[in-house]
Amino acid sequence: MSKYWSPLTASLVPYVPGDQPKDKSYIKLNTNENPYPPSSKVLTAIAEAANSDLRLYPDPTCDTLVQEAARYYGLSPKQTFVGNGSDEILAFAFAAFFDPAKPVLFADITYSFYKVYAQMYSLRPKLIPLDEDFNIPLHQFEGDHGGIIIPNPNAPTAKLLPLSDIVTLLERNQERVVIIDEAYIDFGGESAVKLIDQYPNLLVVQTLSKSRSLAGLRVGFAFGSEELIQGLDRIKNSFNSYTMDRLALPGAVAALQDEEHFQAITEKVIRTRDRVTDQLLELGFKVTDSKANFVFITHQTLAAKEMFLLLREKGVLVRYFASPRIDNYLRVSIGTDEEMDVFIAALKEVICELTK
Ligand SMILES: *Cc1c(COP(=O)(O)O)cnc(C)c1O
């Protein structure tokens, strides 16, 4: 607390990102980073852009990247927005579209940043409880509300909604913006981008952080009708004209152009995820049906928090949330096959220690 803080600052409960510890080297399976390097074409593009032009401001409308992202998804540049990571775009979208006079709907178990943004903009969240198996009760996402946001696949449950459910949601909520946060869609889902021409209230948000292995570059996208993109531009240009820097812009273009690298690393993550899922089942875990680059697991007899702490001692970091309903679960990012072998070996030791 400080007397210099505004009432807003004093009241905030900021988002807590996963640990990035510096005390020793860990196998990091706690922040859903991609274990593989980004495309070498990205590194070349960034190296070429690291020149004396850095004295100049970047392109405020990010035309080249907007065109490339629009081309990639078969949309028009007017339906495309780029931002400094999808978190920033989500923050803009909450401000641009959600009505503070009405409840904003999202799941009780979901990406914890949504609550923070709601607080930032004095929105009133209405948390919709997931069912016992962490399914999203679609019929509760309707009525008189100020907007909807759903990650697909959901985080941290990793569960995917089929596109037909997204259509149902859009059909029932045509008066309000529905945001689909597709941070993990490339690991086994079908993007809602193809619905944008039909539903002017749909905003699809994506990121290069997970499936393109570029969490450090900070690049995200939003796709939607022209009126929604104009809304995002209004907020962005009331905040910072230059959210995208001169290195990120060409790096992101190169990432979208290297489809082969993207496909190769995505397939590897999916293959490893499915293999690790089978091993976890054999060790007595319940594993949700993951379509993301992480698994969400709970053990039939052992406590998640104890496993989390013991794994950490052994140099393996996973994510533990001390939150209602999920405080006996671990979220484990999918690393390389070698990293996951170390994880499984450490986990077997932990299980031995806790059951002896
Ligand atoms: C990782 C993640 C993001 C943020 O991605 P950035 O583009 O790195 O800001 C957004 N939404 C969800 C659900 C995520 O897991």
Side-chain angles (χ1 to χ4, degrees), residues 14-20 28-35 38 42 62 65 69 80-94 106-118 120 125 130 134 136 148-161 166 178-189 191-193 203-223 232 236 239-240 243-245 248-249 251-252 255-256 262 266 269 273 288 290-296 318-319 321 323 326 329-334:
Y15 177 75
V16 184
D19 268 355
Q20 301 285 3
K28 271 195 88 260
L29 306 176
N30 68 330
T31 51
N32 295 346
E33 288 149 326
N34 196 308
V42 171
C62 310
L65 178 55
T80 305
F81 180 88
V82 307
N84 186 19
S86 60
D87 283 338
E88 180 190 79
I89 297 176
L90 292 168
F92 290 168
F94 272 58
F106 48 88
D108 64 337
I109 301 166
T110 194
Y111 188 38
S112 46
F113 232 135
Y114 301 158
K115 239 188 222 172
V116 181
Y117 296 138
M120 267 291 267
L130 300 185
F134 299 147
I136 293 177
I148 290 176
I149 179 156
I150 293 184
N152 197 35
N154 195 10
T157 68
K159 293 187 77 161
L160 179 80
L161 284 179
I166 306 288
V178 175
I179 301 177
I180 306 296
D181 179 354
E182 292 190 338
Y184 301 105
I185 197 70
D186 295 326
F187 298 103
S191 175
V193 159
L203 190 78
V204 178
V205 177
Q206 293 203 354
T207 176
L208 296 187
S209 294
K210 314 285 168 43
S211 60
R212 311 272 170 172
S213 225
L214 285 169
L217 201 62
R218 312 306 303 131
V219 180
F221 302 112
F223 305 103
L232 286 176
K236 180 209 137 184
F239 175 76
N240 176 1
T243 57
M244 309 300 293
D245 65 65
L249 288 170
L256 290 176
F262 161 68
T266 306
V269 169
R273 175 190 72 205
T288 62
S290 170
K291 292 288 180 277
N293 68 338
F294 58 90
V295 287
F296 197 53
V318 300
R319 191 86 196 257
F321 301 93
S323 311
I326 56 169
Y329 280 80
L330 298 174
R331 191 195 70 187
V332 184
S333 310
I334 300 301

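Residue numbers run from 1 in the order of the sequence given. In listed order, ligands and their atoms are each counted from 1.
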Does any non-hydrogen side-chain atom of P151 lie less than 4.5 Å from one of Y114? yes

Under 4.0 Å, heavy-atom basis, I'd like to know which part of F113 is in contact with ligand 1: side chain, backbone, both or neither. neither

So, F221 versus F81, ring centres under 6.0 angstrom or not? no

Starting from atom 8 (O) of ligand 1, what is the nearest protein heavy atom, named by residue and atom, and what distance separates them? S209 OG, 2.6 Å

Could you grab the distance from atom CZ of R331 to atom CG of L29, nearest 0.5 Å is fine? 10.5 Å

Which heavy atom of the protein is the closest neighbour of atom 1 (C) of ligand 1, given with residue, atom name and distance? K210 NZ, 1.4 Å

Using 30° and 60° as the class boundaries, would you call the ring planes of F239 and F92 parallel, tilted or perpendicular? perpendicular

For A183, take its heavy atoms, then give the atoms of ligand 1 lying under 4.0 Å from any of them. 2 (C), 11 (N), 12 (C), 14 (C)

So for D181, does at least one of its heavy atoms come nearer than 4.0 angstrom to any atom of ligand 1? yes

Any nitrogen or oxygen of R218, side chain or backbone, less than 3.5 Å from one on ligand 1? yes

When you compare the side chain of L160 with that of I185, does any pair of heavy atoms fall below 4.5 Å? yes

Tell me, which protein residue and heavy-atom name are nearest atom 15 (O) of ligand 1, and how many Å apart are they? Y184 OH, 2.5 Å

Are any of the N/O atoms in T207 less than 3.5 Å from those in ligand 1? yes

Do R212 and F262 meet the cation-pi criteria used here (NZ or CZ under 6.0 Å from the six-membered ring centre, within 45° of the axis)? yes

With a cut-off of 4.0 Å, which atoms of ligand 1 are near a heavy atom of G85? 7 (O), 9 (O)

Aromatic ring proximity Y184/F294, centre distance under 6.0 Å: yes

With heavy atoms under 4.0 Å as the rule, classify the contact between S86 and ligand 1 as side chain, backbone, both or neither. both

